[in-house]
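Have a look at the structure below before the remarks.
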There are 2 protein chains.
Amino acid sequence: MTTAAGPSVDSEITWLLHRAAQRMHVVTSEHAEKHGLSLRDHIVLSALDKWPGLSQVELARAVGLDKTTLMSQLDRLEHQGLVVRRANATDRRARMPEITRAGDRLRARVAEASAAAEAEALSDFTAAEVALLRRMLFELIGDHLDPGSCL
Amino acid sequence: MTTAAGPSVDSEITWLLHRAAQRMHVVTSEHAEKHGLSLRDHIVLSALDKWPGLSQVELARAVGLDKTTLMSQLDRLEHQGLVVRRANATDRRARMPEITRAGDRLRARVAEASAAAEAEALSDFTAAEVALLRRMLFELIGDHLDPGSCL
DNA sequence: CTCAGATCATCCGAATCAAGACGAACGTTC
DNA sequence: GAACGTTCGTCTTGATTCGGATGATCTGAG
């Protein structure tokens, strides 16, 4: 398996994943931004919808963003009225981010649009193949996906 | 398949790809940086090895980087003696980047280390599953991968 | 030959990102 | 209650990224 030149670049799953993510990012962003949302905004809103009650650092770890990056994201989303930071009664340090009704409506619309875009990008594959892809990606991400394992 | 809340975040292939790429990035970077190379450095060196004779813009398109980003990467690599920019006899605008002998030695070492890291990260899957994953990622990236289709 | 348009590498400016520092608040131990 | 280490959110700072503009060069049409 070791040629004189070593493994060539197209054997690098890491890079293929990176390029594929990049490509899908372009495809879905195109749709998300019609609603005035970046893909990352949408990710954050979706995480807030799926895992309510997380603190900002917990949320950052859940979506895989730096805490300072997430803060500026939340600033923007709060400024747009899609998120509120509510005081926590039992811990006065924490300001729990929550998705607003308007934010959830927008999230649902963008989710449908980007799901459609994804489905089209994946239309060359069978349902079984897509299911396997999803399963493998989950496995690769491992225990870093669900914030429950971080608490 | 449309619940009242719409598709949840874990159905988004785009995000799964992003997280998986992020995770593999951490795993392989860990090994690449033992040799003083970032993952992106390694990608660029590998592309130079695989497709010699590309101009800087062609190389940027081949690896999926912005042209200015690639320029600063090449600056760093050239400063480390891993890359040289050689004048092109037939086109005085172009400065063809080439990998040096030292660069190729380092590239081969990092390629082996990161391939081993990838193999370990993928050890839970069968060879057929990995092959399918690779094929699907290639398909997703589409014609943006090989520079031959851009010339 | 000349000129217009395209292409290459580079530079510039705005935006973004992440690591570290900081104050405030928490919980535990004395 | 006081002291210590930890966690939370924020601020600051340095580095990085990307889009657009620039100058030099090539190419093709007239």
Side-chain angles (χ1 to χ4, degrees), chain A residues 18-19 21-23 25-26 29-30 32-33 36-44 47-48 51 53-80 83-98 147 150-151, chain B residues 18-19 21-23 25-26 29-30 33 36-44 47-48 51 53-80 83-98 144 147 150-151:
Chain A
H18 187 71
R19 294 296 307 271
Q22 203 174 34
R23 177 115 178 88
H25 179 90
V26 170
S29 283
E30 196 173 315
E33 280 164 12
L37 236 59
S38 76
L39 176 63
R40 196 167 272 177
D41 290 333
H42 176 226
I43 296 298
V44 171
L48 280 173
W51 302 304
L54 294 185
S55 75
Q56 297 193 26
V57 284
E58 288 164 350
L59 184 62
R61 189 156 20 196
V63 299
L65 290 176
D66 187 83
K67 59 178 159 40
T68 62
T69 303
L70 179 67
M71 194 182 60
S72 57
Q73 290 283 334
L74 288 177
D75 284 344
R76 268 171 286 201
L77 291 172
E78 189 170 30
H79 193 262
Q80 294 174 38
V83 160
V84 287
R85 286 179 168 110
R86 195 174 300 282
N88 185 335
T90 70
D91 186 342
R92 272 185 297 169
R93 293 171 303 179
R95 301 179 58 203
M96 314 305 282
E98 288 177 18
C150 302
L151 298 180
Chain B
H18 186 72
R19 295 301 307 271
Q22 206 173 35
R23 176 114 178 89
H25 180 90
V26 170
S29 283
E30 194 174 318
E33 280 165 10
L37 237 57
S38 75
L39 176 64
R40 197 169 273 178
D41 290 331
H42 175 226
I43 295 300
V44 171
L48 281 173
W51 303 303
L54 293 184
S55 75
Q56 297 192 25
V57 284
E58 288 165 350
L59 184 62
R61 190 156 20 193
V63 300
L65 290 176
D66 187 82
K67 59 182 160 31
T68 63
T69 303
L70 179 66
M71 195 181 60
S72 58
Q73 290 283 333
L74 287 177
D75 284 345
R76 268 170 284 198
L77 292 173
E78 191 170 28
H79 193 262
Q80 295 175 39
V83 160
V84 286
R85 286 178 169 110
R86 194 174 303 280
N88 184 334
T90 70
D91 187 342
R92 272 185 298 170
R93 292 171 303 181
R95 300 178 58 204
M96 315 304 284
E98 288 178 18
H144 298 266
C150 301
L151 298 181

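The chains referred to below are lettered A, B, ... by the order of the sequence lines, with proteins before strands, and numbering in each begins at 1.
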Of D:dC8, C:dA21, C:dA9, the nucleotide closest to the side chain of B:Val57 is C:dA9
Interatomic distance, CZ@A:Arg19 vs CG@B:Leu65, rounded to 0.5 Å, equals 8.0 Å
About how many Å separate CG of B:Leu48 and CD1 of B:Ile43, when rounded to the nearest 0.5 Å?
11.5 Å
Once you round it to whole Å, what is the distance between C1' of D:dT10 and CG of A:Asp75?
9 Å
What residues form a side-chain contact (heavy atoms from CB on, under 4.5 Å) with A:Glu78, not counting sequence neighbours?
A:Arg85, A:Arg95
Rounded distance (Å) that lies between atom C1' of D:dT7 and atom CG of A:Leu54
15 Å
What contact category does B:Thr68 fall into here, base, sugar-phosphate, or nothing, at under 4.0 angstrom with non-hydrogen atoms?
base
Phosphate OP1/OP2 of C:dC17: any A:Arg40 side-chain N/O under 4.0 Å
yes
Can you build the contact string for nucleotides 22-27 of chain D? Use B for base contact, S for sugar-phosphate-only contact, and - for no protein heavy atom under 4.0 Å.
--BBS-
Nearest 0.5 angstrom please: A:Leu77 CG to A:Leu37 CG, how far?
6.5 Å
Output the rounded distance in Å from CG (B:Leu70) to P (D:dC18).
11 Å
Measure the distance from NE2 on A:His18 to C1' on D:dT17 and round it to the nearest whole Å.
12 Å
Working to the nearest 0.5 angstrom, can you tell me the gap between A:Arg23 CZ and A:His18 NE2?
14.5 Å
Looking at the side chain of B:Arg95, which of D:dG9, C:dT10, C:dA9 is the nearest nucleotide?
C:dT10
Side-chain contact, heavy-atom cut-off 4.5 Å: A:Gln73 with A:Asp41?
yes
Between C1' on D:dG9 and CZ on A:Arg61, what's the gap in Å once rounded to a whole number?
14 Å
Does A:Thr69 have a side-chain nitrogen or oxygen under 4.0 Å from the phosphate oxygens OP1 or OP2 of C:dA18?
yes
Rounded to the nearest angstrom, tell me the gap between atom CG in A:Leu65 and atom C1' in D:dG9.
16 Å
Between B:Gln56 and C:dT10, is there a side-chain N or O to OP1/OP2 distance below 4.0 Å?
yes
Rounded distance (Å) that lies between atom C1' of D:dT10 and atom CG of A:Leu74:
12 Å
Which nucleotide, D:dC11, D:dT16, C:dC17, lies nearest any side-chain atom of B:Arg76?
D:dT16
Would you confirm whether A:Glu98, through its side chain, and A:Arg86, through its main-chain N or O, come within 3.5 Å as a donor-acceptor pair?
no
How many whole angstroms separate atom CD of A:Glu58 from atom P of D:dG9?
8 Å
